[in-house]
Amino acid sequence: MNIVKSKQVKKYIDSQDKPTRTRLLSALEDLPEGDVVPIIGLENTYRLRVGNFRAIFIKETDIIKVTVLNSRGEIYKRRDKL
């Protein structure tokens with residue numbers, strides 16, 4: 001499956017320290033496996049939990065688009081950006 005990261009996701013990953021960056025990239029590469037839960041009210045949209053981080057992604061037939069990545073406290077405050 002092809003995984004496409006948004007500009008915000010790439011920038012957020014680059015801003016992290018090396019161990020965190022490695023952990024986030026590893027979790028994103030393993031999609032759709034991991035702690036994945038569908039987001040109620042949004043079709044084909046899921047959340048991936050990686051420790052205190054959350055990634056929101058859209059699953060299509062052969063592409064996974066990771067749209068948002070942020071800390072747990074910030075990701076749900078900005079639901080309109082999903």
Side-chain angles (χ1 to χ4, degrees):
M1 201 162 267
N2 191 14
I3 298 172
V4 178
K5 299 176 202 84
S6 71
K7 186 176 180 180
Q8 183 274 333
V9 171
K10 292 176 186 175
K11 191 173 181 180
Y12 191 81
I13 290 172
D14 289 342
S15 72
Q16 301 302 311
D17 58 23
K18 189 170 183 172
T20 303
R21 189 177 325 131
T22 303
R23 194 174 72 177
L24 290 171
L25 287 172
S26 175
L28 292 177
E29 288 173 11
D30 290 342
L31 282 174
E33 301 298 320
D35 187 357
V36 174
V37 175
I39 295 180
I40 297 172
L42 298 174
E43 191 173 325
N44 297 328
T45 305
Y46 301 85
R47 159 305 265 158
L48 169 69
R49 182 179 70 85
V50 183
N52 288 330
F53 300 99
R54 301 295 184 270
I56 306 299
F57 66 94
I58 299 168
K59 186 177 176 185
E60 296 178 353
T61 53
D62 59 343
I63 296 176
I64 292 178
K65 296 178 183 176
V66 184
T67 57
V68 183
L69 175 64
N70 214 324
S71 67
R72 178 188 174 276
E74 293 297 315
I75 199 90
Y76 298 116
K77 288 180 185 177
R78 301 172 51 175
R79 185 173 170 95
D80 59 325
K81 300 287 184 185
L82 303 179

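The structure displayed is predicted, hence computed values, not measured ones.
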| said: One pair to check against side-chain contact (heavy atoms from CB on, under 4.5 Å): Arg23 and Val50. What are the steps and the verdict? | reply: CA-CA 8 Å; Arg23 194 174 72 177; Val50 183; 3.9 Å; yes

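- By the criterion of side-chain heavy atoms lying less than 4.5 angstrom apart, applied directly or through intervening Ile, Leu, Val, Met, Phe, Trp or Tyr residues, Val68 is not grouped with Val37; the two fall into different hydrophobic clusters.
- Between Thr45 and Thr67, every side-chain heavy-atom pair lies at or beyond the 4.5 Å cut-off.
- In this view, Thr20 and Asp17 satisfy the side-chain hydrogen bond (donor to acceptor under 3.5 Å, both in side chains) rule, not counting sequence neighbours.
- With rounding to the nearest 0.5 Å, the separation of CZ in Arg54 from CG in Asn70 is 11.0 Å.
- Minimum interatomic distance between Leu69 and Gln8 (heavy atoms only, all atoms of both residues): O-NE2, 2.8 Å.
- Under a hydrophobic clustering in which Ile, Leu, Val, Met, Phe, Trp and Tyr are joined whenever their side-chain heavy atoms come within less than 4.5 Å, directly or via other members, Met1 and Val4 fall into different clusters.
- Taking the side chain as every heavy atom from C-beta outward, Leu25 and Lys5 approach each other to under 4.5 Å.
- Residues Val36 and Phe57 meet the side-chain proximity criterion, which asks for heavy atoms closer than 4.5 Å.
- Looking at Glu43 and Ile58, their side chains never come closer than 4.5 Å, going by heavy atoms from C-beta outward.
- Counting only distance, with no hydrogens or angles, the side chain of Arg72 and the backbone of Asn52 share no donor-acceptor pair below 3.5 Å.
- In terms of the ring-ring contact (aromatic ring centres under 6.0 Å, His included) criterion, Phe53 has no residue partners (sequence neighbours excluded).
- One distance of note links CD1 of Ile56 with CD1 of Ile39; it measures 3.5 Å at 0.5 Å rounding.
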| message | Run the side-chain contact (heavy atoms from CB on, under 4.5 Å) test on Lys65 and Asn44 for me, step by step, so that the C-alpha distance in whole Å, both residues' side-chain angles and the decisive distance to 0.1 Å come before the verdict. | response | CA-CA 11 Å; Lys65 296 178 183 176; Asn44 297 328; over 6 Å; no

| field | Residue pair Leu28, Val9: steps toward the side-chain contact (heavy atoms from CB on, under 4.5 Å) verdict | value | CA-CA 10 Å; Leu28 292 177; Val9 171; 4.2 Å; yes

| query | Do Asn2 and Asp62 pass the side-chain contact (heavy atoms from CB on, under 4.5 Å) test, and can you show the C-alpha distance, the side-chain angles, and the key distance before you say yes or no? | reply | CA-CA 6 Å; Asn2 191 14; Asp62 59 343; over 6 Å; no

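- Atom OG1 in Thr22 sits 6.5 Å away from atom NZ in Lys18 (nearest 0.5 Å).
- Put simply, the side chain of Tyr12 does not reach to within 4.5 Å of the side chain of Ser6, judged on heavy atoms.
- With Ser26 contributing its side chain and Leu24 its backbone, the two residues share no donor-acceptor pair below 3.5 Å.
- Contact between Asp35 and Arg49 at its shortest, heavy atoms only, is OD2-NE, 2.6 Å.
- Taking CD from Glu29 and CD1 from Ile64, the interatomic distance works out to 12.0 Å, rounded to the nearest 0.5 Å.
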